[in-house]
Protein chains: 2
Amino acid sequence: MKIISWEHLIDRDPQGTNGLYTETPEYSAVHADVIQAIGNTVWPPDSDRFTIYPESGKKRGMGNGVTPIKLGFTTTLVELGWTLEKRAPRATNEEAKSLRGSRPGAFDCHFEFPNERISPFVVEWETGNIASSHRAVNRIGLGIHKGYVSGGLLIVPSNKLAPYLTDRIGNPRELRPYHDIWKQWTSTEVAYFGIIAVEHDDESFDVPKVPKGTDGRAAR
Amino acid sequence: MKIISWEHLIDRDPQGTNGLYTETPEYSAVHADVIQAIGNTVWPPDSDRFTIYPESGKKRGMGNGVTPIKLGFTTTLVELGWTLEKRAPRATNEEAKSLRGSRPGAFDCHFEFPNERISPFVVEWETGNIASSHRAVNRIGLGIHKGYVSGGLLIVPSNKLAPYLTDRIGNPRELRPYHDIWKQWTSTEVAYFGIIAVEHDDESFDVPKVPKGTDGRAAR
DNA sequence: TATGGATCCATA
DNA sequence: TATGGATCCATA
C-alpha cells in the first residue's frame, strides 16, 4: 500500500528540535517502521503490492472485507520488535473501584522505546466502523492523558479505498470535522497524535476480492 | 423509565450561581423536560411504566431490540418544544473547503432557549453500539467547541438494562474510563456535558420483547 | 452520496 | 464476562 496523507494533530516534545515530537530520534524510528510495514501490506497475499478488486462494498455481500488486509502490516511490525494487542495497564485498587472494573481494551500495535526516555508509541489500524475509529482516537487520547502512551497513530483507508470495503468503514473525510477537538488535548508535555490514510497501489478485476466474515448483520 | 445516575462531567457558566451551568434557569428548564420525557418512556407502548422482558440480548435473535424504546422520550420532548435530528450548521465556504464537505450529522434532540442567552442544548439518546456513543460524545464536544451548542447530555441504558438489549450497546460502565479526557474540554466559557443512565421500572416475562430489526419499525 | 445506527461475531 | 470489531440498514 501507499501513504496518501500523514497529518500531525498533536506534535510536542520539549526535547525535540523546536519542541516537536516529530523531531526526535524516537519518532524517526517509529516513522521508518510504519512506512516499511505499510509497504508490506499487500493483496493478494503473495503479491508485492496491494491490488484491490474495485467493486463497491456498499451492498450486502459485495465489495471487499477488511480483516485480512492488515496482516502484512502487523506481521512486519512484530518482526521489527513491536507487540500486538497490548492493553492499558490495570488500574490501581483505588482507581479500579471508581471505574467499576472497566478499562479500555488493547492497542493494535505497541512499541516500547529501548531507551525508555518516553512512554510507548501505539498504532491503531482501523478498518472497523467509523464509530469505532472515534473510540480508537479516544483510547489513544486517554493513554496520552494518563501517561502510559507518549504518541499514537490512527491508520484508515483513504477516501478512494474505503468505498471498495465494507460499508461505513472509517475514512479520513468523515473524521476531519473532529480534528479540532482532538487537537485540544493539552495535558501532557510530551504527546503525538497523527492520522494516516493508506491506499491500494492498483485496481484490477483479476485479483480475488478480500473475503468478508460473517460478523454483524451479515450473519443470517 | 427511571434515572439511575446523572453525572456532570462539565458544568460551567459564569452567570450561574458559583459559575455553574447547572445553576442557571436554562438548565432548570432542560432538566425538567428530560426528567418528564424519561418518565414517559414506557413498554409496552400502552403502559405507564417500562417493563422489560428479561432475556439476555447477547445472542442472535434473543433479548430485546432498541429502536422502539426511545419513542416516548422523543415524542415528549417534541411536545415540549424540542426539535429532532437537527444537524450542525453548514460550514462557511472557507471552512467547508478544508473539511472537504464533511460535517457531523444530526443531534437526536435539540432545544433552543427562548431567551437566546446561550446556545442550544442537545440530547443524544444512545442505544447504538458502544463505539457509536464515543462518536456521540465527540459530536457534542465539537458542538460546544464550535459554539453552536452550549450543553449536551448522553443517555445510555444502565448496566442492569443493557444486557437485555442488543449486544454491545452503549453502557455507563464501559464509558467511565474515558470521562477523564472528556472533562478536559476547556475551550469555552459556557459549557455543560452530562451522562445519564436510565433503567426499566420492572421485569416480566409477560410483556412482549422489544422487537429487533424490521419488526421493530413495524411495531410502532 | 452521506451520516447515524442496529445487529451479531471473535476472542481473551 | 468483557472489549474491539465487522457487517449491513434506514433515511435524508
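Residue numbers begin at 1 in each chain, while the letters A, B, ... track the order of the sequences.
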Gap separating the CG atom of A/Asp108 from the OG1 atom of A/Thr83, nearest 0.5 angstrom: 11.0 Å

The side chain of [X] is closest to which nucleotide in this list: [options]?
{"X": "B/Val66", "options": "C/dT7, D/dT3, C/dG4", "answer": "C/dT7"}
{"X": "A/Lys212", "options": "D/dC8, C/dG5, D/dG5", "answer": "D/dC8"}
{"X": "A/Asp108", "options": "D/dT3, D/dG5, C/dT3", "answer": "D/dG5"}

[X] side-chain N/O to [N] phosphate OP1/OP2 under 4.0 Å:
{"X": "B/Thr166", "N": "C/dA6", "value": "no"}
{"X": "B/Arg168", "N": "D/dT1", "value": "no"}
{"X": "A/Thr67", "N": "D/dA6", "value": "yes"}
{"X": "B/Ser132", "N": "C/dA6", "value": "no"}
{"X": "B/Lys58", "N": "D/dA2", "value": "no"}

Mind calculating the distance between [atom1] ([X]) and [atom2] ([N]) to the nearest angstrom?
{"X": "B/Ile130", "N": "C/dT7", "atom1": "CD1", "atom2": "P", "answer": "16 Å"}
{"X": "A/Leu84", "N": "C/dT11", "atom1": "CG", "atom2": "C1'", "answer": "14 Å"}
{"X": "B/Lys59", "N": "D/dT1", "atom1": "NZ", "atom2": "C1'", "answer": "13 Å"}
{"X": "B/Met62", "N": "C/dC8", "atom1": "CE", "atom2": "P", "answer": "11 Å"}
{"X": "A/Arg60", "N": "D/dA6", "atom1": "CZ", "atom2": "P", "answer": "18 Å"}
{"X": "A/His134", "N": "D/dG4", "atom1": "NE2", "atom2": "P", "answer": "16 Å"}
{"X": "B/Glu174", "N": "D/dG5", "atom1": "CD", "atom2": "P", "answer": "12 Å"}
{"X": "B/Leu165", "N": "C/dG5", "atom1": "CG", "atom2": "C1'", "answer": "14 Å"}

Touch class at under 4.0 angstrom, heavy-atom based, for B/Gly65 against every strand present: sugar-phosphate

base_contact_polar (C/dG5 base, A/Asn129 side chain, donor-acceptor, <3.5 Å): yes

Before you tell me yes or no, could you show the steps for A/Val198 and A/Trp125 under side chain to side chain contact (heavy atoms under 4.5 Å, CB included), namely the whole-Å CA-CA distance, both residues' side-chain angles and the distance that decides it to 0.1 Å? CA-CA 10 Å; A/Val198 292; A/Trp125 178 285; 4.1 Å; yes

Whichever of B/Gly61 and A/Asn171 has its nearest DNA chain C nucleotide further upstream toward 5': A/Asn171

Between B/Lys70 and B/Asp167, just flag the one whose closest nucleotide in DNA chain C comes earlier from the 5' side. B/Lys70

Taking the inter-plane angle between the rings of A/Tyr148 and A/Phe107 on a 0 to 90° scale, is it parallel (under 30°), tilted (30 to 60°) or perpendicular (over 60°)? tilted

Hey, what's the ring geometry for A/Tyr21 with A/Tyr27, parallel, tilted or perpendicular (30° and 60° as the breaks)? perpendicular

DNA chain D nearest-nucleotide lookup for A/Ile169 and A/Arg139: closer to the 5′ end is A/Arg139

For B/Lys160, I'd like to know if atom NZ has over 12 heavy atoms of other residues, nucleotides or ligands within 6.0 Å. no

Verify the ring-centre separation between B/Trp182 and B/His134: is it less than 6.0 angstrom? yes

